Amino acid sequence: MSGKRDYIAVFDSGLGGISVLRHLLRLMPGERYLYFGDSANAPYGSRSTEEVRDLTLAAAERLLGEKPLKALVLACNTATAAAVRELREKYPELIVIGIEPALKVAADHYPGGRIGVMATEVTLREEKFDTLLHRFDENCTICKIPMPGLVQLVEAGKLDSPEMDVLLRQLLAPHIGKLDAVVLGCTHYPLAAKAISRVLGDGVVLLDGGDGTARETRRRLRNADLLEEGRGELILENSKNDPELIRRAYDLLNER
Ligand code: DGL
């Protein structure tokens, strides 16, 4: 049985989940969080689905072995697409929250609009995404935009760098001037939102699922009478033994 003082684990392939943790902390500052980024194995987005599933299940096991958990937030679209079903089956007692590209928000706000979905290769090729796409593609034009290389630059802290500009210009060139909104369907991408906006232009609205995921987490905890409003706590961990990475994670959190 979970208790209110148990932890909320937040998992991503690296630093990306910090963009979700920001929303969780804003909505529920009194909770205890255990964040784990698997930067040693990032990027997940170009791996096979089986590899991502195994890495995600191993991360969940690690987190459950470390602290008593009341919820696990998969702050990673790629890990959600590959493993959320298995995790729910394996840990029926645990509240498991996944994240998926915010297509519903985009379709609601831009009926008839042209919407781009930037995400990793795994997310875009999984059946889960096709199901999501077909729910909304009658009302708007949706185009998939894979972004190989972007996660690596975010992991390397090159958020506002010449390399970032070159990569974004190259990958986004076919879409410039052709979109009303872009869904950032990978949790690393909101960390590079400034550079993305610079390339797409300020007129293109960027949407992500961080806020929705934090709200869903709060809703599920409240329904289970597990919401805690005590003294918050935050533990940040990473599979790469690199203090610089942890420092950068704190910096990114404080930028919110
Ligand atoms: N941050 C992850 C996501 O939301 C994926 C990053 C990666 O490719 O490792 O999809």
Side-chain angles (χ1 to χ4, degrees), residues 9-24 35-60 72-85 87 96-103 105-106 116-130 132-133 144-159 164 167-168 171 182-193 195-196 206-214 216-217 236-240 242 245 248-249 252-253:
V10 183
F11 170 66
D12 178 52
S13 64
L15 292 174
I18 296 290
S19 69
V20 179
L21 185 57
R22 284 172 178 169
H23 290 283
L24 289 163
Y35 180 95
F36 174 56
D38 190 13
S39 295
N41 291 304
Y44 278 18
S46 46
R47 290 179 175 275
S48 72
T49 304
E50 292 68 34
E51 278 178 313
V52 176
R53 189 172 301 143
D54 289 350
L55 289 166
T56 305
L57 290 171
L72 168 62
V73 179
L74 291 178
C76 177
N77 294 262
T78 308
T80 302
V84 73
R85 196 155 34 92
L87 278 171
V96 179
I97 311 285
I99 187 167
E100 60 182 19
L103 261 181
V105 183
V117 184
M118 288 167 56
T120 68
E121 291 141 81
V122 172
T123 302
L124 293 176
R125 76 162 180 250
E126 279 304 305
E127 199 188 314
K128 206 169 183 310
F129 183 75
D130 272 334
L132 185 68
L133 191 129
K144 297 183 183 183
I145 314 179
M147 299 296 291
L150 180 48
V151 164
Q152 290 90 320
L153 288 183
V154 173
E155 285 288 310
K158 297 185 172 170
L159 298 180
M164 178 64 87
L167 181 81
L168 291 175
L171 296 176
V182 165
V183 173
L184 303 179
C186 164
T187 54
H188 280 72
Y189 304 167
L191 303 175
I196 295 169
L206 304 182
L207 302 161
D208 71 73
D211 180 54
T213 301
E216 176 63 6
T217 306
L236 291 185
E237 292 179 352
N238 196 286
S239 56
K240 241 189 197 171
D242 180 359
L245 214 56
R248 219 144 17 83
L252 288 167
L253 259 187

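These figures come from a predicted structure and were not determined experimentally. We're numbering straight along the sequence, starting at 1. Every heavy atom of this structure was used, including side-chain atoms; hydrogens, water molecules and symmetry mates were not. In each ligand, atom 1 is the first atom listed, and ligand 1 is the first ligand listed.
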If I apply the N/O under 3.5 Å rule, does T187 come out as touching ligand 1?
yes
As an exercise, identify every atom of ligand 1 less than 4.0 angstrom from a heavy atom of C186.
1 (N), 2 (C), 3 (C), 4 (O), 5 (C), 6 (C), 10 (O)
Starting from atom 2 (C) of ligand 1, what is the nearest protein heavy atom, named by residue and atom, and what distance separates them?
C76 SG, 3.2 Å
Do T80 and E100 meet the criterion of a side-chain donor-acceptor pair at a distance under 3.5 Å?
no
As an exercise, state the distance from CD1 of I196 to CE of M147, rounded to the nearest 0.5 Å.
6.0 Å
Atom CZ of residue position R125 - does it have more than 12 heavy atoms of other residues, nucleotides or ligands inside 6.0 Å?
yes
Which part of T120 is near ligand 1, with near meaning a heavy atom under 4.0 Å away: side chain, backbone, both or neither?
side chain
Would you call the rings of F11 and F36 parallel, tilted or perpendicular, taking 30° and 60° as the class edges?
parallel
Before signing off on this row, confirm whether Y44 and ligand 1 have an N or O atom pair separated by under 3.5 Å.
yes
For atom 10 (O) of ligand 1, which protein heavy atom lies nearest, and how many Å away is it?
T78 OG1, 2.6 Å
Once you restrict to heavy atoms under 4.0 Å, what part of S13 touches ligand 1? Side chain, backbone, both or neither.
side chain
Where's the contact between D12 and ligand 1, heavy-atom distance under 4.0 Å: side chain, backbone, both or neither?
side chain
G14 heavy atom under 4.0 Å from ligand 1:
no
Closest approach of L124 and I145, non-hydrogen atoms and distance?
CD1-C, 3.9 Å
Can you confirm, on distance only, whether ligand 1 has an N/O atom lying under 3.5 Å from any N/O atom belonging to G45?
yes
side-chain contact (heavy atoms from CB on, under 4.5 Å) partner of H188, the single match among T120, I18, V154:
V154
Minimum heavy-atom separation for A249 to L15, with atom names?
CB-CD2, 3.8 Å
